[in-house]
Amino acid sequence: METVDIVKVAVETAPYAIDKVYDYLLPETLCDQVVVGMRVMVPFGRGNRKSEALVLARTTGEKTPKMKAILQVLDEAPVLDGKGISLALWMHQRYFTTVYQAAKTQLPAGLWYRMEEVYQVAPEVEDLEALTLPEPAIALLKVMKKEGRLSCQAVCARCGADGEGYLPLLVEKKLVVKATQAHRKHRDKTQKVVSLAMDDESAMALVAGKKRSAPMRFAVVEFLIAAGRSAITDVTYFTGASLATVKGLEKSGIVTLSQEEVLRVPEVTASVQGAPIALNEEQQHSFDQLLVLTQKEEPQVALLQGVTGSGKTQVYIRLVQAVLAQGKQAMMLVPEIVLTPQMMGKFASYFGNRVAMLHSGLRTTERYDQWKRIRRGEVDVVLGTRSAVFAPLERLGLVILDEEQEGSYQSDSAPRYHARDIAKYRCTQYGATLVLGSATPLVETAYAAQQGQYHHYYLTQRYNQKPLPEVLFADMRQELRNGNSGAISGLLRTELEKNIQAGEQSILFLNRRGSSRMLLCVECGQSPQCPHCSVALVHHTANGRMMCHHCGYSEKASMYCPDCHGMMKQVGYGTQKVEEELQALFPDVEVLRMDADTTATGHEKILKQFGDEKTPILLGTQMVAKGLDFANVTLVGVLSADLSLYVDHYRATERTFHLLTQVVGRAGRGELTGRGIIQTFTPENDVMIHAAHQDYQGFYQTELTLRQLRRSPPFADIFTFTVSGGEEGAVLKGACTVRDTLKQVLSHPELEGIAPQVLGPAPAPILKVNNRYRYRVTLVAKNVTPIRQRISWLLREFPSTHRGLNLFVDCNNMS
DNA sequence: AGCACGCCGACT
DNA sequence: GTCGGCGTGCTC
């Protein structure tokens, strides 16, 4: 047997069921080009369809009859290093995803290839006139013969839709061949740069004599001496010279033209250089301890638990500075960067152009160019949201996860990774330190700290030394008995009045989870449903339409019921309704409203207006709970504190606590002491009481006991299996098979200590989305290798026995 | 007999 | 996922 070069690859088009490391022959012509971590093109499957693949390793070995050869190399340099490949392999195990998917998740979208079907006339077809075909088909062939390879879209653009209709026929008659072509949507941006080919004096000497006859040549050289090497567009813009003049200078050997890459990176605007940071005693203590961690060789995890306003950011910045001084790099992750412009400003002022910001507002190209900057080592600090955790820093020394309890750290599409887990894994790879920052950590995190797995540091004092706001309950049951069925209790109304009188501002928070604005027929009680999903359509007053938030369906809102022609009425506690109620209570008082209907760019405007104009009342949903810092706000009201408590989710209590403490923490940030009002139907509920007192420890103890009883994290992990498909009966049957198979494979003596528990099937909270029914099976068990292996086996086995059904699994879902 | 469709299994 | 092979069953 002959020995050949072999590449071991992860193939993109191999679905999870058959995902494994495939061996391909490496042709001699590509031998020098292929490096581990590059993407290549390979033939895959019976039809030898082209697929992308990632080179995981190179070896030499015996050629087997099955082995095919790689076709093409797609990268000039590796897109992942060894650590990135290890991470992909780990994600594959951890998140039940293919290795390729896991690798792709780490890369910026600007680097992704898009596969395109292209058509060209078969080489053996010579005489088009001799063919007996309809007229449009002949025309189509003529165009193709002239233009070469054409995509389906290109065919349509040139020959119209009926011309395109003949494509399948021509392919079938083997007159046209179909091929797959990979191309990247976003190219590297380059520009032509002009520089002098000699020293200033010699260049000047060459053009000065002809200043009269060739003034433009002179002007260009003069400009280049003054400005140095410049983009050709700048040269022509500032001198008025034409491209021909510059090219002429190149021909004479006076200047050189070169093609250089430019990065599309938004400018970092540091208004001022950051002043040295003075830490208070408590901050200094935490900082000192954390600094010691960063100096260790072994990876470390620390929880920095600081009450709102305790100045965690100062500690972070000092820590990043310290890590940079050690010659290492740092990463700071935040839940939603558009809500933390202060954070961006601070990092800009302290780290200038050494920081790369990766936030949702960036274009694909900008994000890609930031990635290139990071990979080249031009950046020492990365500040960004969830996906920034993959930033290719080679000397990673520190990762900070601010507001670690936030659900946005978990990806909402497959693979549903959690940035905390990825960060932890990367820190292990680099021997780096992970700092989890929060006022109200997740119960799992606090538990790990309590158990000594994480270091634990506290910041207990508010930076402005102000006491926490006093919190009062408004018992909404009593309000109902008193005949007030509105959204504003008597107590809140009185307090709002006081604030308006005093010229102080108030924030009202409406927790809208579990209610929405829909239309209801007064006569028959019907409300319009989405035809594709099992949800009521949400009424949008802005465009007068009813919309489905799951599949995007919308229809015009009608005043009358389509069934019985009764009057339609809007129901549901939307912010709009509350706004109306406020208007009725305080007719002369301005109210600002901020919710999902107001656009993202609108938010900043609204917040600016609220800060500048001292508008008396700001009314909003989730987004007002986070990061708002207004000195003049002294009253915060939570309109319906219970709503998030009765969601069927193991995190419902925790989330309610986070929300309430956050909202109440908005009051009294300035000189004035604040107060909070929580409107609830269950003021005696533990969560309400703990939140009112900002008593994290009390909440934690109660919740931990409950979690232990209910077997939820950190005591067990919750795997959710979702079966989906077009036919409800088949889906339910499939879900039953999942349940039975799980029960069967998990009743093994080896797993006795884990005591896996299988529950369900149950319909998903929204049974039907986009005409697909979904049923769920829940598995409660520790997320350990033997459990994962069995789940993986089920996921691989299921598709072949249940065609038409789809099965996926999530672990410890945040939402 | 000839073909359409759907099921199954393999994928380096 | 996507393809080809192959069996079943229907039609000409």
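Values below: all heavy atoms of this structure, side chains included; hydrogens, waters and symmetry mates excluded. Just so we're on the same page: letters track the sequence lines, and every chain starts at 1. Just so we're clear, the structure is a prediction, and the values are computed from it rather than from any experiment.
Between the NE2 atom of His802(A) and the P atom of dC8(B) there is a distance of 12 Å, rounded to whole Å. If you measure from atom NZ of Lys50(A) to atom P of dG1(C), you get 23 Å, rounded to the nearest angstrom. With rounding to whole Å, Leu805(A) atom CG is found 13 Å from dC7(B) atom P. Atoms CD (Glu797(A)) and P (dG9(B)) sit 12 Å apart, rounded to a whole Å. In this structure, the CZ atom of Arg46(A) is 14 Å from the C1' atom of dT12(B), given to the nearest Å. Here the C1' atom of nucleotide dG4(C) and the CZ atom of Phe44(A) are 15 Å apart, to the nearest Å. One interatomic measurement links the two molecules: CG of Asn48(A) to P of dC3(C), which rounds to 11 Å at whole-angstrom precision. Separating the CZ atom of Arg803(A) from the P atom of dC3(C) is a distance of 14 Å, rounded to the nearest angstrom.
Considering only side-chain N and O atoms, Arg49(A) lies under 4.0 angstrom from the phosphate OP1 or OP2 of dC3(C). The phosphate of dC11(B) (OP1 or OP2) has a side-chain N or O of Lys66(A) nearer than 4.0 angstrom.
Residue Lys20(A) is classed as a base contact, given a heavy-atom separation below 4.0 Å to a base.
Between Glu261(A) and Lys372(A) there is a salt bridge, since at least one side-chain N of the basic residue sits less than 4.0 Å from a carboxylate O of the acidic one.
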> Are Tyr553(A) and His532(A) close enough, and set up right, to give a ring pair (Phe, Tyr, Trp, His ring centres under 6.0 Å), and what steps lead you there?
Replying inline: CA-CA 8 Å; Tyr553(A) 172 87; His532(A) 316 298; 5.6 Å; yes

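Between Tyr16(A) and Thr97(A) the shortest side-chain heavy-atom distance does not fall below 4.5 Å.
Remark: the Tyr368(A) side chain and the Asp188(A) side chain contain an N/O donor-acceptor pair separated by less than 3.5 Å.
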